[in-house]
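Notes follow once the structure below has been shown.
Order of listing sets the numbers, starting from 1, for every ligand and every atom in it. Predicted, not measured: the structure shown is a model, and the values here were computed from it. Heads up: numbering here begins at 1 and tracks the sequence.
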Amino acid sequence: MPHTTPTANALQVQQRASLREFNSFGLPAVAATLVRLAAEADVRRVVDHPAYGVAPKFVLGGGSNVVLTRDFAGLVLKVEILGRRLLRTEREAWIVEAGAGENWHGFVAWTLQQGWPGLENLALIPGQVGAAPVQNIGAYGVELKDRFESLDAMDLITGRSVTLDAVACRFGYRDSVFKQHLAGKTVITRVRFRLPRPWQPVLGYLDLERKIAETGNAAPDAQTVFDWVCAIRRAKLPDPAVIGNAGSFFKNPVVSPEQCRDIIGRDPEVVHYLLPDGSCKLAAGWLIDACGWKGKTVGRAGVYDKQALVLVNRGGASGAEVVTLARAIQESVYGRFGIRLEPEPVIL
Ligand code: EPU
């Protein structure tokens, strides 16, 4: 039997733990118990624990898509499972795996350095690898589901590990089974990506077309696309290390063709994208901007001055203040356009 010290088998537990450092909004909240999960075995230890096994649980990744409005009386599970490797090279893809606790942007940069491009449009998205499938992150014409192979998740009641493919994950626009019927029931431990070869750039998004026009480079390599995406995001989106935020606060609403025609009739400028099924996606940032919210502050929460879709912590805000601001925005967008905006982050 290999010698193991008691601590090697023990869970890393902290009582009455501040979560302020662990959420990108910088909101104050306290977890009755914080458990760090460094390996799959730690999930089993939680499940088998007489008290922790039955306690309410909240899984925290990088904390970049959550609004904490209260203290949490149960167990906050902080996922810290690391590791990244090439699993195999197929004729038409590289299959790469990462631990759920890996930093997303670091992982994207690493795949490019290794010569396995494909994730460059998703550069600089805050958060961890394990959170990426939960809301099917997307940016600049690529969604996680377009590069997804499978993931491993563990059941928080039985401790059993399952592997789910894209169909089982039920990816939708900023949505998956992990935001629906598996919400709070599983913890994602590892994610595998399918990076198509030969690589082809995805350049159809307006902001990237502008970069092509600006630079005259119509055939950028993956590293150049990565650099462009980083520059675009830095110009528009606040760095959570400097200004607390959770990225886009609302989803872009999808409306029926009739509703879309009605809105265009009243506001011909409205930014909208036609979807294959005839419905229409509206730019929530534009709707909020049109209601005059950009740069506004309510209490200690505010609307970012370069992108109205992003709510920010102006310093010392509480989760309740962020939610109050969000409700006021929802009411004014509903009042003017008859559209209900749906928050993108998880509100606890
Ligand atoms: N717009 C305004 N005023 C604003 C903000 C936006 O008029 O204050 C207009 C823009 O001019 C543009 C349109 O709205 O014509 C769309 O804006 P943008 O291209 O910045 O994208 P978005 O729809 O606001 C979405 C994602 C982002 C992602 C970008 C790029 C959602 C909810 N958000 O934002 O994702 O980075 O596209 O692909 O789908 C995130 O989810 O946290 C996120 C940042």
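- With contacts defined as side-chain heavy-atom distances shorter than 4.5 Å, the pair Arg197/Thr89 qualifies.
- Closest heavy-atom approach to atom 5 (C) of ligand 1 among the candidates Lys281, Gln307, Lys251: Gln307.
- Of all the atoms in ligand 1, the ones that sit under 4.0 Å from a non-hydrogen atom of Arg174 are 26 (C), 27 (C), 31 (C), 33 (N), 35 (O), 39 (O), 40 (C), 41 (O), 43 (C).
- Within the 4.5 Å cutoff, the side chain of Leu274 has heavy atoms near those of the Cys280 side chain.
- The shortest N or O to N or O distance between Ala308 and ligand 1 is below 3.5 Å.
- Atom 16 (C) of ligand 1 has its nearest heavy-atom neighbour, among Tyr273, Tyr304, Trp286, Trp293, in Tyr273.
- An N or O contact shorter than 3.5 Å is missing between Gln135 and ligand 1 by distance.
- The pair Arg192-Glu97 meets the salt-bridge criterion, since a charged nitrogen lies less than 4.0 angstrom from a carboxylate oxygen.
- Annotation: side chain of Pro240 is in contact with side chain of Pro126 (closest heavy-atom distance under 4.5 Å).
- With respect to Arg174 and Glu342, no salt bridge is recorded, no charged nitrogen being found less than 4.0 Å from a carboxylate O.
- Looking only at side-chain heavy atoms (C-beta outward), Arg84 and Gln114 stay at 4.5 Å or farther from each other.
- Among all protein heavy atoms, the one lying closest to atom 23 (O) of ligand 1 is Asn252 ND2, 2.9 Å.
- Among all protein heavy atoms, the one lying closest to atom 14 (O) of ligand 1 is Ala283 CB, 3.3 Å.
- Atoms of ligand 1 lying under 4.0 Å from at least one heavy atom of Asp289, given by number and element, are 2 (C), 3 (N), 4 (C), 7 (O), 8 (O).
- Counting protein heavy atoms only, atom 38 (O) of ligand 1 is closest to Tyr140 N, 2.7 Å.
- Residue Ala139 approaches ligand 1 through these ligand atoms, each under 4.0 Å from one of its heavy atoms: 36 (O), 38 (O).
- Between Trp286 and Tyr273, the ring center distance fails the sub-6.0 Å criterion.
- Put simply, atom 42 (O) of ligand 1 has protein non-hydrogen atoms near it, under 4.0 Å away.
- Contact atoms of ligand 1 toward Glu344: 32 (C), 40 (C), 41 (O), 42 (O) (distance under 4.0 Å to a heavy atom of the residue).
- Near Ser248, meaning under 4.0 Å from any of its heavy atoms, are these atoms of ligand 1: 26 (C), 27 (C), 31 (C), 32 (C), 33 (N), 35 (O), 40 (C), 41 (O), 42 (O), 43 (C), 44 (C).
- Summarising the contacts of atom 36 (O) of ligand 1 with His272, Arg233, Lys236, Glu342, the nearest heavy atom is found in Arg233.
- Distance screen at 4.0 Å: atom 10 (C) of ligand 1 has no protein heavy-atom neighbour inside the cut-off.
- Close contacts of ligand 1 with Val271, meaning ligand atoms under 4.0 Å from a residue heavy atom, involve 13 (C), 15 (O).
- Near Leu309, with a cut-off below 4.0 Å to any heavy atom, the atoms of ligand 1 are 24 (O), 32 (C).
- Side chain of Asp42 to backbone of Leu11: no donor-acceptor contact under 3.5 angstrom is found.
- One option in Phe250, Tyr173, Tyr205 has a heavy atom closer to atom 37 (O) of ligand 1 than any other, and that option is Tyr205.
- Residue-ligand proximity: Lys306 is placed with every non-hydrogen atom at 4.0 Å or more from ligand 1.
- Close contacts of ligand 1 with Gly247, meaning ligand atoms under 4.0 Å from a residue heavy atom, involve 42 (O).
- Annotation: ring-ring contact (aromatic ring centres under 6.0 Å, His included) contacts involving residues 207-247, sequence neighbours excluded, comprise His105-Phe226.
- At least one side-chain heavy atom of Arg44 sits less than 4.5 Å from a side-chain heavy atom of Met154.
- Taking the side chain as every heavy atom from C-beta outward, Phe250 and Ile329 approach each other to under 4.5 Å.
- Put simply, the side chain of Asp207 never gets that close to the backbone of Tyr205: no donor and acceptor are under 3.5 Å apart.
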